[in-house]
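All remarks here apply to the structure that follows.
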Amino acid sequence: MKRLTTTMVIWALLLVTAAAQQVTFRFSDGIKDSQLKDRMQEQISLLLTEINHAAAAERPLQLDAIRMTPQARKSLESLWSGTSSFRCEYTENARPCLMDVSGYEVRGIAVTMLNRQLRGDRLREVCINLSAEGIITSVHLALKNNMYLDLLANSRDVTDMRRKLEIMNFVDKFRSYYDEKDLNALQQIYSDDALIITGRVITRKTYVGDKPTLRKEVAYRRQNKEEYLNNLKDVFAKNTYIHLTFDDVKIYGHKSKPNWYGVSLRQNWRSSNSRTWSNVNYEDDGYLFLLWEFPDDEDAPPVIHVRTWQPEWVGKDRLSSDSVFNINDFLIP
């Protein structure tokens, strides 16, 4: 028994030490500019090392020495101080350098979420975006790489693939805007004429003959952009944390309107006015649909014209697939 206890202590020390070890990142391919490549590899290595040091010491991130935009620093600190701190899974990381619409992108960096109350697999992936000058512009939890690659498999052409890449990038960031309570970013990503539809389960009394019967059904609320963001502002203020996860992401290009895309996914929302995950005040699972438009100006970002959410379950029955909103349910001018 004494030998077993000693072994357990040694392993615990090794795990703590490993979590605090320096992390090295390098590009496996995708970039030819050697000076820019070295700068970006250095900054990503510094960032991942700081993440592991902060995780091991259970302290806030210290990012002043890393070349990041103020918005990227603020977003990552907000994510970290909430419920989504993590550590880098490997001390040696090699990933390809991908071209982003505004610079470069690194996907598939494996991390372990430190909050043990998280549902499902705690192994996640981080995406890092950098400007053309090699400055880190975004760090966020991403779609898993296999899901990311599957979505690109049936692209119509190079333009369609580029737009799907951009949508997936925005979907990654879109989720993080809620975790970070970033109303300014949401203000920009929704179009001024955005339509917001939210479903909720209600109980309605009906009569079969002269006998009353209670029946579960979905009632829908329509909001414009201003109404939705004002209500969301109140939700952000009342909850200490909000945590969203996305799964089963599907992207559909419109058959006759090549600038329009529909994105369907399953969303889990958890929120609480306490930092204790065992005291979740609200949780739901449902279907999220987003209708995106790419402007003719390729330098302009896409915008969301429609956002719908529907509950997965209506009483004891799952919402039928025919009832879930999709790109064909909305008139596109």
Side-chain angles (χ1 to χ4, degrees), residues 101 143 147-175 177-178 186 188-202 204 215-229 232 244-269 284-298 300-315 317-333:
V101 290
L143 298 174
M147 185 186 302
Y148 183 88
L149 295 174
D150 288 345
L151 287 171
L152 298 179
N154 298 314
S155 297
R156 295 190 296 263
D157 50 35
V158 173
T159 299
D160 186 45
M161 178 177 289
R162 179 182 62 79
R163 287 176 172 175
K164 285 182 177 179
L165 282 168
E166 191 167 352
I167 286 175
M168 285 185 281
N169 197 343
F170 271 94
V171 167
D172 285 340
K173 294 176 182 177
F174 177 74
R175 185 205 57 75
Y177 293 157
Y178 286 84
L186 291 169
Q188 295 175 31
I189 205 168
Y190 284 109
S191 69
D192 291 338
D193 62 352
L195 169 64
I196 315 294
I197 300 175
T198 306
R200 64 185 180 93
V201 178
I202 62 171
R204 189 180 298 277
R215 180 168 60 89
K216 298 285 187 182
E217 62 181 52
V218 180
Y220 291 99
R221 178 187 183 188
R222 296 165 63 99
Q223 300 175 76
N224 60 32
K225 175 180 177 178
E226 183 179 4
E227 292 169 333
Y228 174 70
L229 292 180
L232 194 60
L244 268 66
T245 56
F246 290 162
D247 201 358
D248 296 339
V249 182
K250 298 179 177 64
I251 299 177
Y252 304 95
H254 194 277
K255 292 181 180 179
S256 60
K257 305 284 185 178
N259 287 14
W260 292 76
Y261 287 79
V263 181
S264 300
L265 50 88
R266 292 184 68 240
Q267 172 189 283
N268 173 259
W269 171 299
D284 63 41
D285 290 286
Y287 303 102
L288 184 67
F289 173 77
L290 305 170
L291 182 62
W292 296 75
E293 180 193 9
F294 281 83
D296 291 329
D297 179 1
E298 292 190 359
V303 292
I304 297 173
H305 286 283
V306 177
R307 177 194 185 275
T308 71
W309 185 88
Q310 298 167 276
E312 181 179 6
W313 293 93
V314 184
D317 299 318
R318 192 186 299 272
L319 189 69
S320 68
S321 58
D322 293 341
S323 300
V324 178
F325 287 121
N326 62 64
I327 195 170
N328 297 317
D329 292 317
F330 300 93
L331 179 64
I332 298 176

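Proximity of R200 to R221: side-chain heavy atoms (C-beta onward) are nowhere separated by under 4.5 Å. Side-chain contact between V171 and L265: present, with at least one pair of heavy atoms (C-beta onward) separated by less than 4.5 Å. Side chains of V263 and W292 form a contact here, defined as non-hydrogen atoms less than 4.5 Å apart. In this structure, F246 and L288 have side chains that are in contact, with non-hydrogen atoms separated by less than 4.5 Å. Contact of the F174 side chain with the L186 side chain is registered, since non-hydrogen atoms from C-beta on lie closer than 4.5 Å. Residues Y287 and D248 form no side-chain contact, since every pair of their non-hydrogen atoms from C-beta on lies 4.5 Å or further apart. Put simply, the side chain of L291 reaches to within 4.5 Å of the side chain of I332, judged on heavy atoms. When side chains are defined from C-beta on, P311 does not count as touching D284, because their heavy atoms never get closer than 4.5 Å.
Atoms CZ and NZ, on R307 and K225 in that order, are 14.0 Å from each other to the nearest 0.5 Å.
L195 and R222 make their closest contact through CD1-NH2, 3.7 Å (heavy atoms, listed as atom of the first residue, atom of the second, distance). Closest heavy-atom contact between V201 and W313: CG2-O, 3.5 Å. Nearest approach of K257 to H254, heavy atoms of both residues: N-ND1, 3.1 Å. When all heavy atoms of P302 and P295 are compared, the pair lying nearest together is CA-CD, 4.0 Å. Across all non-hydrogen atoms, the minimal contact from E227 to N224 is N-OD1, 2.8 Å. Across all their heavy atoms, Y252 and I327 have their closest contact at O-CD1, 3.8 Å.
Classification of the F325-F330 ring pair by plane angle, with boundaries at 30° and 60°, yields tilted.
Not one N or O on the side chain of N268 forms a donor-acceptor pair closer than 3.5 Å with the backbone of D285. Q267 places no side-chain N or O within donor-acceptor distance of the main-chain N or O of W309, the cut-off being under 3.5 Å.
Counted by atom type alone, S191 and D193 present one or more donor-acceptor pairs between their side chains at under 3.5 Å.
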Under the criterion side chain to side chain contact (heavy atoms under 4.5 Å, CB included), I'd like the reasoning laid out for Y190 against I196: C-alpha separation, chi angles, the key distance, then a yes or no. CA-CA 10 Å; Y190 284 109; I196 315 294; 4.0 Å; yes
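Within a 6.0 Å radius of CD in E226, no more than 12 heavy atoms belonging to other residues, nucleotides or ligands are found.
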